[in-house]
Amino acid sequence: QVQLVESGGGLVQAGGSLRLACAASGRTFSRHAMAWFRQAPGKEREFVAAISYTGTNTYYADSAKGRFTISRDNAKNTVALQMNSLKPEDTAVYYCARRGTPFGTGRNLIRDDEYDYWGQGTQVTVSS
């Protein structure tokens with residue numbers, strides 16, 4: 001069983017920054033791509049960013065490009081999302097997720113059905 005625990009959410013003013021972290025249990029962390037998704041009130045969950053199992057390749061939603069950076073530390077079983085220049089429309093619950101298939105390519109990483117374990121989420125609120 002894998003557990004994912006997010007932290008780092010909070011309230012920030014527009015233009016500010018937050019760094020989200022996700023700690024994963026288990027011994028196979030380094031074999032799986034990881035991602036961040038978010039869900040705003042009344043909206044569907046959406047892809048934010050993903051990182052390959054090696055950390056070499058990263059993928060971003062258009063809304064995150066140039067502002068957010070995903071990274072991972074396989075020695076510590078952690079994945080992070082650095083969020084800069086935050087906007088009120090970034091307000092959402094942010095979820096960390098582990099891709100079900102180990103290794104693999106970047107194909108379909110934006111699809112939430114690619115992921116088998118999810119964290120409980122951390123709230124990010126950006127005030128205007």
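Residues take their numbers from the sequence shown, with the count starting at 1.
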- Point-to-point distance, once rounded to the nearest 0.5 Å, from CZ of Arg111 to CG of Leu109: 11.0 Å
- Query: Under 4.5 Å between any side-chain heavy atoms of Arg19 and Ser71, yes or no?
  - Reply: yes
- Correct closest heavy-atom pair for Tyr115 and Met34 would be CE2-C, 4.4 Å
- Query: Which pair of non-hydrogen atoms, one from Cys22 and one from Leu4, has the smallest distance, and what is that distance?
  - Reply: SG-CB, 4.0 Å
- Tell me, do Ser7 and Leu20 make a side-chain contact under 4.5 Å, heavy atoms counted? no
- Heavy-atom donor-acceptor pair, Glu6 side chain to Gly121 backbone, under 3.5 Å: yes
- Backbone of Thr91 reached by a side-chain donor or acceptor of Thr125 within 3.5 Å: no
- Item | Nearest heavy-atom neighbours spanning Tyr117 and Val2 | CD2-O, 3.4 Å
- Of all the heavy-atom pairs spanning Ile110 and Phe37, show the shortest one and how long it is. O-CE2, 3.7 Å
- Could you check if a side-chain atom of Gln82 sits within less than 4.5 angstrom of a side-chain atom of Ser17, using non-hydrogen atoms only? yes
- Message: Would you say the ring centers of Trp36 and Phe68 fall short of 6.0 Å from each other?
- Response: no
- Item | Sidechain N-carboxylate O distance under 4.0 Å for Asp116, Arg99 | no
- Query: Looking at side-chain heavy atoms only, is the closest gap between Trp118 and Asp112 below 4.5 Å?
  - Reply: yes
- Given the rule that I, L, V, M, F, W and Y join up when any side-chain heavy atoms are under 4.5 Å apart, are Leu81 and Val93 in one cluster? no
- Message: Could you check whether any side-chain heavy atom of Ile51 comes within less than 4.5 Å of a side-chain heavy atom of Asn57, counting everything from C-beta outward?
- Response: no
- Keeping the roles fixed (side chain from Tyr60, backbone from Ile70), state whether a donor-acceptor pair exists under 3.5 Å. yes
- Query: Just by distance, do the side chain of Arg31 and the backbone of Pro102 share a donor-acceptor pair under 3.5 Å?
  - Reply: no
- Item | Side chain proximity check, Phe47 to Arg38, heavy atoms < 4.5 angstrom | no
- Task: With the side chain counted from C-beta on, respond yes when Glu46 and Gln39 share a heavy-atom pair under 4.5 Å apart, and no when they do not.
- Result: no
- Message: To the nearest 0.5 Å, what is the distance between NZ on Lys65 and CZ on Arg67?
- Response: 13.0 Å
- Task: Report yes if some heavy atom in the side chain of Gln120 is under 4.5 Å from a heavy atom in the side chain of Tyr95; otherwise report no.
- Result: no
- Item | Quiz item: cation-pi between Arg72 and Tyr53, 6.0 Å / 45° | no
- Query: How long is the span from the OG atom in Ser52 to the OH atom in Tyr59, to the nearest 0.5 Å?
  - Reply: 5.5 Å
- Query: Can Asp73 and Thr78 be said to form a side-chain hydrogen bond (donor to acceptor under 3.5 Å, both in side chains), step by step?
  - Reply: CA-CA 5 Å; Asp73 185 336; Thr78 59; 4.9 Å; no
- Looking only at atom types and distance, does a side-chain atom of Thr122 sit under 3.5 Å from a main-chain N or O of Gly9, one as donor and one as acceptor? yes
- Would Asp90 and Lys87 pass as an ion pair if we require N to O under 4.0 Å? no
- What heavy-atom pair brings Ser128 and Pro88 nearest, and what distance separates the two atoms? CB-CG, 3.8 Å
- Message: Working to the nearest 0.5 angstrom, can you tell me the gap between Asn77 CG and Ser25 OG?
- Response: 8.0 Å
